[in-house]
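First up is the structure itself, then whatever we jot down about it.
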Amino acid sequence: MEYSQDVINRLKRSEGQIRGVIRMMEEGNDCKNVVTQLSAVRSAVDRAIGLVVAKNLESCLRNAQENGASCEEAIQEAVDMIVKSR
């Protein structure tokens, strides 16, 4: 599967956020601020997962339609990936 630059950029931003959280912890910042930033990282990663799963589902559905196969299996696989990520 080919990944879009948008997804890669989102993950690079998340990487930067994680470095920022580590720095906050090393500097002894307040727990509330650290948890807030960790929640932001988790949210960003969740959005990236959604994009990857959506693109994969789109590709699977196109392939299924081109090959005359059922789309239900591709949809179920996408749902399973989303559930597993939580």
Side-chain angles (χ1 to χ4, degrees):
M1 184 175 153
E2 195 170 313
Y3 298 98
S4 72
Q5 193 60 45
D6 180 48
V7 173
I8 293 168
N9 289 343
R10 283 175 182 266
L11 290 175
K12 286 181 179 182
R13 277 194 299 275
S14 296
E15 179 183 27
Q17 286 178 299
I18 290 171
R19 281 194 304 269
V21 170
I22 292 169
R23 188 171 36 257
M24 289 173 68
M25 295 171 89
E26 290 172 343
E27 293 171 355
N29 281 17
D30 183 60
C31 173
K32 182 178 176 182
N33 294 334
V34 170
V35 171
T36 298
Q37 289 306 309
L38 285 171
S39 293
V41 170
R42 179 174 47 198
S43 178
V45 170
D46 284 345
R47 285 192 304 272
I49 289 170
L51 284 174
V52 169
V53 171
K55 287 296 183 183
N56 182 59
L57 177 58
E58 180 183 337
S59 174
C60 289
L61 291 176
R62 281 195 182 125
N63 289 339
Q65 286 178 337
E66 289 171 2
N67 297 324
S70 170
C71 294
E72 284 80 21
E73 188 176 314
I75 293 170
Q76 186 59 50
E77 183 180 343
V79 169
D80 291 344
M81 282 192 289
I82 292 170
V83 169
K84 186 186 286 187
S85 73
R86 294 306 285 152

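As the structure is a computational prediction, the values presented were derived from the model and not from experiment.
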For side chain to side chain donor-acceptor pair (under 3.5 Å), just list the numbers for S14 and R10, CA-CA rounded to whole Å, side-chain angles, deciding distance to a tenth of an Å, and then say yes or no.
CA-CA 6 Å; S14 296; R10 283 175 182 266; over 6 Å; no
Run the numbers on I8 and Q5 for side chain to side chain contact (heavy atoms under 4.5 Å, CB included), then give the verdict.
CA-CA 5 Å; I8 293 168; Q5 193 60 45; 3.9 Å; yes
Could you go through the salt bridge (Lys or Arg N to Asp or Glu O under 4.0 Å) check for R42 and D46 one step at a time?
CA-CA 6 Å; R42 179 174 47 198; D46 284 345; 5.2 Å; no
Test log, rule side chain to side chain donor-acceptor pair (under 3.5 Å), inputs D80 and Q76:
CA-CA 6 Å; D80 291 344; Q76 186 59 50; 2.8 Å; yes
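A salt bridge links E58 with R62: at least one charged nitrogen is closer than 4.0 Å to a carboxylate oxygen.
Between the S39 side chain and the V35 main chain, a donor and an acceptor come within less than 3.5 Å of each other.
The CZ atom of R23 sits 11.0 Å away from atom CD of Q37, with the distance rounded to the nearest 0.5 Å. To the nearest 0.5 angstrom, M24 atom CE is 7.5 Å from T36 atom OG1. One distance of note links CG of L51 with CG of N56; it measures 12.5 Å at 0.5 Å rounding.
When each of V45, I22, L38, V41 is checked for a side-chain contact (heavy atoms from CB on, under 4.5 Å) with Q17, only V41 meets the rule.
Placement of Y3 and L11 within a single hydrophobic cluster is found when ILVMFWY residues are connected by side-chain heavy-atom separations under 4.5 Å, directly or transitively.
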